[in-house]
Amino acid sequence: MSVWAYKIGEDSLPNNADDTGTAGDKKATESGHIAGPAEKRAHSHGQQHPVALITGTSSGFGMLTAITLAKQGYHVAATMRDLSRKGELESRAEKENVGDRLHYVQLDVTDSESVQTAVDMVMQQYGRIDVLVNNAGFAVGGFIEEVAMEDWRRQMETNLFGLIAVTRTVLPVMRKQQSGLIINLSSVSGLSGFPGYAPYAASKFAVEGFTESLRHEMSSFGIRVVLVEPGAYRTPIWNKGLGEIHRYEDSPYQHKLDAVLRYSRQAGETAPDPQEVADLIGRITRMRSPRLRYALGKGSRLLIIGKALLPWKWLERLIARGLQ
């Protein structure tokens, strides 16, 4: 449950000192468009604009990232499970004058046939995929004993196996190109597990391990692989997650669950603008050699440092205190 990250410290964007060309990237984000690595490769293949495929673009980080990359000059394959939900993205794209750069594609990450069809459509339309942003996901909440196995599997099918399915389908394209960037949306919950959201934390911990292995395997093919690990932001995932909370009338976890819900709502109300995450993704696409992990959000980096340096019992007490 990444919302817990925010009571420990103030927010800070990652230190990009180890990323080649980052200072120029930040300036470009603020003042105008410059060509990043994907764009230079696209031009070298006689194509005017690079191509990004983003999953889960009907809301939240996915929607904002689609607009951000389109403004940077990308053709964006904006995918979602239900195309009837494209209205808000379509409206925002028109307001930003990038409507012609978005191509709406139906894609259900839990359906292998849907994944293959979507990637085939993008290839037929554009002939290449320069950036893949694996964003589709949702949060299942509840205490472990009270979450049905069906819901555990549903969580893993979307957040982990869906991400793997899309990645596996895009890899041959990028490998043949000898270039590409894969950005997997993880979470601070993929670095530290919290009470009440074990299914979500388990899925994101798995995404972390998968991405580490993928980065090793792709390094010799010119494919960069990155994790973005947001804390709590004002996106629909937590409202939906709270709606997915599993509870019983006579639950022995009633008191703790009420505290988790109270804390989650409070954190959601004070969470920062999710555009920060989309802007970071935009900057990463411009980097020649991005590092593996980018954590951002109020207190997220402090939580990571605390987990690495503090004795576990101290961290446990801090979290328990938050539930009182």
Q: State which residues pass side chain to side chain contact (heavy atoms under 4.5 Å, CB included) with Ser219; sequence neighbours excluded, sorted by chain then number.
A: none

Q. Picking from Glu88, Glu96, Glu90, what satisfies salt bridge (charged side-chain N to carboxylate O under 4.0 Å, His left out) with Arg92?
A. Glu88

Q. For Trp314, which residues count as a side chain to side chain donor-acceptor pair (under 3.5 Å) partner, sequence neighbours excluded?
A. none

Q) Does any donor atom in the side chain of Asn135 or Thr65 lie under 3.5 Å from an acceptor atom in the other side chain? A) no

Q: Mind checking salt bridge (Lys or Arg N to Asp or Glu O under 4.0 Å) for Arg101 and listing every partner two or more places apart, or none if nothing turns up?
A: none

Q. When the ring planes of His75 and His49 are compared, do they come out parallel, tilted or perpendicular, using 30° and 60° as the limits?
A. perpendicular

Q: Decide yes or no on side chain to side chain donor-acceptor pair (under 3.5 Å) for Asp120 and Gln124, but give the supporting numbers first.
A: CA-CA 6 Å; Asp120 288 346; Gln124 287 170 13; 5.7 Å; no

Q: Identify, with sequence neighbours excluded, every residue that meets side chain to side chain donor-acceptor pair (under 3.5 Å) alongside Thr117.
A: none

Q. Among all residues two or more places apart in sequence or in another chain, which pass the side chain to side chain donor-acceptor pair (under 3.5 Å) test with Ser186?
A. Glu208

Q. Residues in side chain to side chain donor-acceptor pair (under 3.5 Å) with Gln106, at least two apart?
A. Ser114

**Q.** Contacts of Asp82 that satisfy side chain to side chain contact (heavy atoms under 4.5 Å, CB included) - sequence neighbours left out
**A.** Ser84, Arg85

Q) Crowded around Ile144 CD1? As in, over 12 foreign heavy atoms under 6.0 Å? A) no

Q. Who passes salt bridge (Lys or Arg N to Asp or Glu O under 4.0 Å) against Glu157, sequence neighbours left out?
A. none

(Q) If hydrophobic residues (ILVMFWY) are linked whenever their side-chain heavy atoms come closer than 4.5 Å, directly or via other members, who joins Leu309 in its cluster? (A) Ile305

**Q.** Contacts of Glu217 that satisfy salt bridge (Lys or Arg N to Asp or Glu O under 4.0 Å) - sequence neighbours left out
**A.** none

Q. Of all residues at least two apart in sequence or in a different chain, which pass the salt bridge (Lys or Arg N to Asp or Glu O under 4.0 Å) check with Glu145?
A. none

Q) Shortest non-hydrogen contact from Pro199 to Val147? A) CG-CG1, 4.1 Å

Q: List for me each residue that meets side chain to side chain contact (heavy atoms under 4.5 Å, CB included) alongside Ala202, sequence neighbours excluded, and say none if there are none.
A: Trp152, Met156

